[in-house]
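From a predicted model like this one, the values you see are computed outputs, not experimental measurements. All ligand and atom numbering here is 1-based and tracks the order in the structure.
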Amino acid sequence: MSTVKSSIYKPLTESEAIALAKRLQLFTENSNLTCKEIGDGNLNLVFKITDTDNGNGIIIKQALPYAKVVGESWPLTLDRARIEAHALLKQSEFVPQFVPKVYYTDEQLAITIMEDLSHLQIARAALIEGKELPLLSTHIGEFLAKTLFYTSDYAVNQHFKKSLVKQFINPDLCKITEDLVFTDPFFNHDTNNFEQELGQDVERIWQDQELKLAVAKLKQKFLTKAEALLHGDLHTGSIFADENETKVIDPEFAYFGPIGFDVGQVFGNFLLNAFSRNAENQEVLFTHIETTWNVFVKEFSKAWKNDAAEIFAKTEGYLEDVLSEIFEEAVGFAGCEIIRRTIGLAHVADLDTLQPFDKKISTKQLALSVGSELIKNQKAIKNPCQFKEYVKQTVSN
Ligand SMILES: Nc1ncnc2c1ncn2[C@@H]1O[C@H](COP(=O)(O)OP(=O)(O)O)[C@@H](O)[C@H]1O
Ligand SMILES: CSC[C@H]1O[C@H](OP(=O)(O)O)[C@H](O)[C@@H]1O
């Protein structure tokens with residue numbers, strides 16, 4: 001992997017993307033290449049370049065100087081491409097099997113060239129289609145445990161950790177999360193986006209002082225708790241998977257934050273998919289939540305026992321306390337993710353594609369109730385079993 005800093009920024013066209021790939025000798029000179037811009041996310045361009053003779057491909061991801069979902073009226077730093085590439089490289093030190101290979105980066109052009117994962121499917125789409133993805137949560141539990149433990153003060157020399165914190169200072173992308181996840185959905189803000197039929201449910205959220213106090217505290221943790229290098233946007237649209245393989249993409253929101261945030265986003269997105277299903281098909285999502293947590297605990301504890309640098313690591317009860325706090329925070333962060341994906345700016349297809357309309361509205365009402373209950377009852381929910389009971393109880397009330 002090499003990095004070049006001399007180009008001048010310009011959004012690529014499909015033919016320029018091909019020319020770049022050839023110039024970088026990522027294909028042989030006579031290759032017949034096709035290119036298609038396939039970006040379906042909120043922020044960036046994604047070019048898929050394929051050699052038509054053998055099907056081999058690469059992906060060129062390029063940041064735009066604004067948020068694609070809104071347009072040029074929402075300027076956004078190109079530095080997110082540097083953060084994404086460096087986060088992928090850092091994660092690959094601990095879990096190379098779960099991230100795409102990075103072939104090349106150019107900070108000026110804001111591009112990352114990486115492995116084409118088109119043989120896999122985005123997990124959100126696969127779950128909506130009802131696929132089980134049997135290894136997804138085992139892999140994600142291990143991804144979370146290793147990327148988070150090995151970038152934390154539990155594992156890393158404090159001086160080195162602070163140099164990493166500096167490398168991953170990501171204020172613009174953090175501000176998006178601070179606003180879209182932790183602020184706007186809890187106030188009458190113009191970024192919110194919800195059906196008028198949800199008006200009373202949303203008003204209830206805006207008036208709920210107990211809920212708002214709990215969200216304020218979670219937001220404060222997101223702002224201040226520089227515990228480990230987070231992925232920062234670990235929803236099921238950031239995961240490629242099939243029955244055997246799992247790859248986590250799109251860590252442009254990476255920064256040093258609370259471990260429970262990444263874990264909570266995973267829980268929240270599994271639940272959003274569960275809400276979209278009939279009761280008899282929901283169990284597999286609760287199993288994914290349980291497995292994610294159990295594998296996370298197993299791998300995090302193993303890493304702690306073998307590799308902790310912190311002198312207090314062997315102190316009785318410390319690991320257990322750290323894990324309890326991560327779980328408690330994850331429950332609250334999951335609640336925030338569920339609420340923001342239901343009434344905030346950026347929705348999820350799991351809920352938005354539900355039909356008929358009445359079913360969509362009633363499911364969203366349920367999501368808002370469950371999200372609120374999780375946030376308000378974080379301390380009472382101590383394990384995946386109680387998590388499931390709280391969700392089921394809220395659904396049946
Ligand atoms: N490495 C990859 N291999 C194949 N397709 C990819 C790859 N990275 C991204 N994509 C495609 O581009 C889409 C958007 O990518 P993503 O990184 O999520 O962009 P954004 O940052 O804009 O959300 C993904 O949903 C996927 O379809
Ligand atoms: C204006 S950004 C909204 C939303 O989009 C990001 O998701 P993605 O990059 O995966 O499309 C992130 O979740 C932001 O909160």
Side-chain angles (χ1 to χ4, degrees), residues 11 17 35-50 55-64 66-78 80-81 83-85 87-88 92 98-104 110-126 128 170 172-185 191-193 222 230-242 245-255 261-262 264-266 268-269 272 333 336-349:
C35 178
K36 195 166 163 30
E37 200 281 310
I38 57 164
D40 61 358
N42 290 316
L43 298 176
N44 303 293
L45 297 174
V46 178
F47 298 95
K48 175 175 155 74
I49 301 184
T50 312
N56 292 341
I58 57 160
I59 292 291
I60 302 183
K61 180 166 175 180
Q62 184 177 40
L64 288 164
Y66 52 87
K68 195 174 71 175
V69 66
V70 177
E72 294 185 34
S73 62
W74 188 334
L76 201 53
T77 177
L78 294 174
R80 66 189 193 271
I83 295 272
E84 174 159 349
L88 286 172
S92 74
F98 299 139
V99 290
K101 288 190 191 72
V102 174
Y103 301 135
Y104 178 83
I111 61 169
T112 306
I113 305 189
M114 68 185 106
E115 184 182 3
D116 182 0
L117 301 170
S118 303
H119 62 291
L120 304 174
Q121 187 180 14
I122 289 290
R124 186 183 306 288
I128 290 173
N170 195 0
D172 289 20
L173 281 281
C174 285
K175 177 78 165 93
I176 290 180
T177 305
E178 289 148 22
D179 290 345
L180 296 188
V181 179
F182 293 112
T183 310
D184 300 356
T191 60
N192 289 328
N193 171 22
F222 184 84
L230 307 190
H231 176 283
D233 192 25
L234 193 42
H235 57 88
T236 46
S238 298
I239 303 172
F240 268 110
D242 68 7
E245 235 186 314
T246 306
K247 300 273 183 187
V248 177
I249 61 165
D250 198 16
E252 70 196 307
F253 285 76
Y255 87 112
F261 183 75
D262 271 2
Q265 290 223 308
V266 172
N269 281 275
L272 283 161
F333 289 131
C336 294
E337 173 70 358
I338 290 168
I339 290 177
R340 79 88 167 219
R341 294 291 186 190
T342 309
I343 61 173
L345 176 81
H347 286 198
V348 289

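Between R341 and D233 there is a salt bridge, with a side-chain nitrogen of the basic residue lying less than 4.0 Å from a carboxylate oxygen of the acidic one. For the pair D172 and R80, the salt-bridge criterion is not met [side-chain N within less than 4.0 Å of a carboxylate O].
Every residue two or more places apart in sequence or in another chain was checked for a side chain to side chain donor-acceptor pair (under 3.5 Å) with T177, and none qualifies. Remark: R340 pairs with E337 by the salt bridge (Lys or Arg N to Asp or Glu O under 4.0 Å) rule, at least two apart or across chains.
The 4.0 Å heavy-atom shell around ligand 1 contains residues I38, D40, G41, N42, L43, N44, V46, I59, K61, M114, E115, D116, L117, S118, I122, F240, I249, D250, E252, ordered by chain and number.
Formation of a donor-acceptor pair under 3.5 Å by the K68 side chain with backbone atoms of G39 is found in this model. A donor-acceptor contact shorter than 3.5 Å is absent between the side chain of Q62 and the backbone of L45. Counting only distance, with no hydrogens or angles, the side chain of H231 and the backbone of S238 share no donor-acceptor pair below 3.5 Å.
Between F222 and F182, the angle of the ring planes lies from 30° to 60°, which puts this pair in the tilted group.
Side-chain contact check for L76 versus I176: some heavy-atom pair is nearer than 4.5 Å.
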Check ligand 2 for close polar pairs with the protein: N or O on both sides, less than 3.5 Å.
| unit_1 | atom_1 | unit_2 | atom_2 | d |
| --- | --- | --- | --- | --- |
| ligand 2 | 5 (O) | N42 | ND2 | 2.7 |
| ligand 2 | 7 (O) | D233 | OD2 | 3.2 |
| ligand 2 | 9 (O) | D250 | OD2 | 3.3 |
| ligand 2 | 10 (O) | D233 | OD2 | 3.2 |
| ligand 2 | 10 (O) | H235 | NE2 | 2.8 |
| ligand 2 | 10 (O) | D250 | OD2 | 3.3 |
| ligand 2 | 11 (O) | N42 | N | 2.9 |
| ligand 2 | 11 (O) | N42 | ND2 | 3.2 |
| ligand 2 | 13 (O) | D233 | OD1 | 2.8 |
| ligand 2 | 13 (O) | D233 | OD2 | 3.2 |
| ligand 2 | 13 (O) | R340 | NH2 | 3.3 |
| ligand 2 | 13 (O) | R341 | NH2 | 3.1 |
| ligand 2 | 15 (O) | R340 | NH1 | 2.9 |
| ligand 2 | 15 (O) | R340 | NH2 | 3.3 |

